[in-house]
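All remarks here apply to the structure that follows.
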Amino acid sequence: MSNIKLHDKSFRPFIEYDKIENAIDEVAVKINKDFEGCKDVPVLLCVLNGSILFTAELMKRLKFNCEIVCVKLSSYVGLKSSGEVRDIIGMTGSVKGKRVIIVEDIVDSGRTIANLTKMMEANGATETRICTMLFKPNCYKLDKKLDYVAMEIPDDFIVGFGLDYDGLGRNIKDIYVLDTNMKYYILFGPPGAGKGTQAASMAERFNLCHISTGDLLRGEMAKGSELGLKAKALIEAGELVPDEIVEGMIENKFNTVEGVNGFLLDGFPRTIAQAEALDKMLAKKGTAVTGVVSLMIPDEMIKERIKHRAAIEGRADDASDETIANRIKTYHGKTEPLIDYYKKAGAYNEIDGVGTIEEVRDRIHALMQSL
Ligand code: AMP
């Protein structure tokens with residue numbers, strides 16, 4: 001799957017059709033269970049236009065008698081929620097004395113469903129439940145828990161499977177996300193600076209794919225692959241593995257991972273040659289490194305932290321004093337020159353890595369928001 005263009009914007013693949021179908025299957029199972037054997041005829045309220053496809057797919061899977069009523073409201077103008085929900089056309093049928101399942105394509109702030117729920121009550125519905133194909137938990141402002149959610153997504157603008165950008169894209173069977181230029185962050189710092197610890201929350205908060213070359217190499221070693229065998233002796237001696245190996249791993253991830261806003265590189269680049277190779281990879285995509293987040297701790301702390309980690313994770317390259325010393329030497333000799341490389345490129349940002357995990361995390365998140 002490749003990017004698509006709608007009007008002036010580019011969108012990249014986000015959720016494939018198969019995954020959407022599976023999520024609808026699962027949500028239908030829950031609804032069928034809740035309504036099994038019901039004596040009434042509940043109404044599915046299809047919120048036009050966005051939920052046409054979802055409602056149709058959902059209805060096919062429901063095993064109890066139900067009716068359909070449509071309503072048209074609109075809150076999106078272009079890419080941003082306009083803040084107001086406007087009633088454009090009324091309902092196409094009655095909900096009086098009925099149980100209603102509001103079927104939405106997407107719920108973000110919850111303003112639309114709050115309005116619809118009120119509207120159902122005013123029209124005599126006996127109960128209102130909410131079923132949505134997509135849910136943006138980070139944007140949701142209501143206390144009311146949603147009854148049926150097929151998929152949760154971050155706060156991004158998406159199209160496809162009924163959702164549009166200024167009228168286009170509803171017919172596309174997969175879901176795409178606005179390509180706001182992928183972000184490429186480098187998490188830099190000496191061994192033991194806390195990169196691995198901080199990377200997880202950075203990746204989650206900013207929806208990034210965390211690529212740790214060290215973890216990938218340890219994975220290869222654990223599998224006993226040819227690459228892992230090649231890397232083992234070097235890693236255990238505190239040396240670097242050849243540039244081509246790590247560069248290949250990185251490029252492979254860039255070209256295969258989908259559904260993220262960008263990448264967080266941890267442990268790469270580690271040499272000037274790797275930094276140049278990364279620049280070339282990104283130039284091919286018409287972009288560049290978004291920013292370097294450099295986590296700095298004093299030299300005397302490096303050894304202490306590695307020893308502490310050795311006790312917890314049992315990494316072979318954390319175990320011996322000699323290997324640690326060699327890794328620190330390799331860092332100073334081969335990796336530290338990258339500081340000047342990225343300063344020259346105007347991409348270098350330093351963070352004080354001393355403090356609690358939360359303190360350092362907050363410093364990093366504040367910086368990332370400004371990049
Ligand atoms: P890390 O988990 O980042 O400390 O990496 C552990 C070891 O994997 C390093 O000491 C190197 O031997 C190897 N390694 C990880 N990333 C790279 C890289 N970008 N270039 C060369 N070797 C690497």
Side-chain angles (χ1 to χ4, degrees), residues 184-200 202-203 208-254 263-282 289 292-297 299 301-339 341-342 347 351 353 360 364:
Y184 294 89
Y185 299 100
I186 295 170
L187 183 55
F188 186 82
K195 300 190 294 292
T197 307
Q198 295 297 340
M202 294 164 81
L208 305 171
C209 167
H210 170 211
I211 311 178
S212 157
T213 40
D215 284 349
L216 291 176
L217 290 166
R218 281 185 286 278
E220 293 296 328
M221 279 160 59
K223 275 194 274 176
S225 70
E226 198 183 321
L227 196 159
L229 292 176
K230 247 195 222 165
K232 191 172 188 307
L234 291 164
I235 291 180
E236 288 180 359
E239 302 287 339
L240 296 182
V241 306
D243 290 338
E244 321 74 82
I245 292 186
V246 279
E247 287 161 15
M249 290 170 133
I250 293 282
E251 191 149 34
N252 178 40
K253 286 276 182 190
F254 283 173
F263 292 87
L264 179 61
L265 306 180
D266 163 10
F268 180 90
R270 253 178 161 98
T271 63
I272 297 281
Q274 289 177 16
E276 288 168 349
L278 175 63
D279 283 349
K280 276 199 197 128
M281 279 180 225
L282 298 183
V289 169
V292 176
V293 178
S294 175
L295 210 50
M296 282 297 146
I297 56 168
D299 266 8
M301 231 184 215
I302 298 179
K303 267 195 198 149
E304 197 186 298
R305 291 229 186 142
I306 295 180
K307 289 261 175 206
H308 176 70
R309 184 170 69 189
I312 299 171
E313 294 178 14
R315 270 172 55 172
D317 59 342
D318 283 344
S320 88
D321 285 341
E322 204 188 325
T323 305
I324 297 173
N326 205 24
R327 274 167 62 204
I328 296 173
K329 195 170 136 230
T330 307
Y331 168 75
H332 286 308
K334 296 195 170 148
T335 308
E336 219 166 35
L338 288 172
I339 296 178
Y341 183 91
Y342 285 113
I351 291 276
V360 178
I364 294 176

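Whatever order the structure lists ligands and atoms in, that order sets their numbers, starting from 1. Start at 1 with the first residue, then count along the sequence. What you see is a predicted model, and the numbers here were worked out from it, not measured in a lab.
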- Task: Among all protein heavy atoms, pick the one closest to atom 9 (C) of ligand 1 and tell me residue, atom and distance.
- Result: Arg270 NH2, 3.7 Å

- Task: Just jot down the ligand 1 atoms closer than 4.0 angstrom to any heavy atom of Gly267, in number order.
- Result: 16 (N), 17 (C), 18 (C), 19 (N)

- Message: Suppose we measure from atom 20 (N) of ligand 1 to each protein heavy atom; which comes out shortest, and what is that distance?
- Response: Gln274 NE2, 2.9 Å

- Should we say atom NE2 of His308 is surrounded by more than 12 heavy atoms from elsewhere, each under 6.0 Å from it? no

- Verdict with supporting geometry, Leu187 and His210, side chain to side chain contact (heavy atoms under 4.5 Å, CB included): CA-CA 10 Å; Leu187 183 55; His210 170 211; 5.8 Å; no

- Is any side-chain heavy atom of Ile297 less than 4.5 Å from a side-chain heavy atom of Pro190? yes

- Query: Under 3.5 Å between some N or O of ligand 1 and some N or O of Ser212?
  - Reply: no

- Which option, Arg327, Lys334, Glu239, owns the non-hydrogen atom nearest atom 12 (O) of ligand 1? Glu239

- What protein heavy atom is closest to atom 14 (N) of ligand 1, reported as residue, atom name and distance in Å? Leu217 CD1, 3.5 Å

- Ranked by distance from atom 16 (N) of ligand 1, the top protein heavy atom is Thr213 OG1, 2.7 Å

- Item | Verdict with reasoning, Asp279 to Val289, per side chain to side chain contact (heavy atoms under 4.5 Å, CB included) | CA-CA 7 Å; Asp279 283 349; Val289 169; 4.2 Å; yes

- With heavy atoms of Gly214 as the reference, note each atom of ligand 1 found under 4.0 Å away. 1 (P), 2 (O), 5 (O), 15 (C)

- Among Ile235, Ile211, Leu187, Val246, which residue places a heavy atom closest to atom 8 (O) of ligand 1? Ile235

- Lys/Arg-Asp/Glu bridge criterion (N-O < 4.0 Å) met for Glu304, Lys307: no

- Query: Looking only at heavy atoms of Arg218, does any of them come nearer than 4.0 Å to an atom of ligand 1?
  - Reply: yes

- Query: Taking distance alone, with no angle check, do Arg309 and ligand 1 share an N/O pair under 3.5 Å?
  - Reply: no

- Task: Could you tell me whether the side chain of Lys280 reaches within less than 4.5 Å of the side chain of Glu247, counting heavy atoms only?
- Result: no

- Met296 and Phe188, any side-chain heavy atoms less than 4.5 Å apart: yes

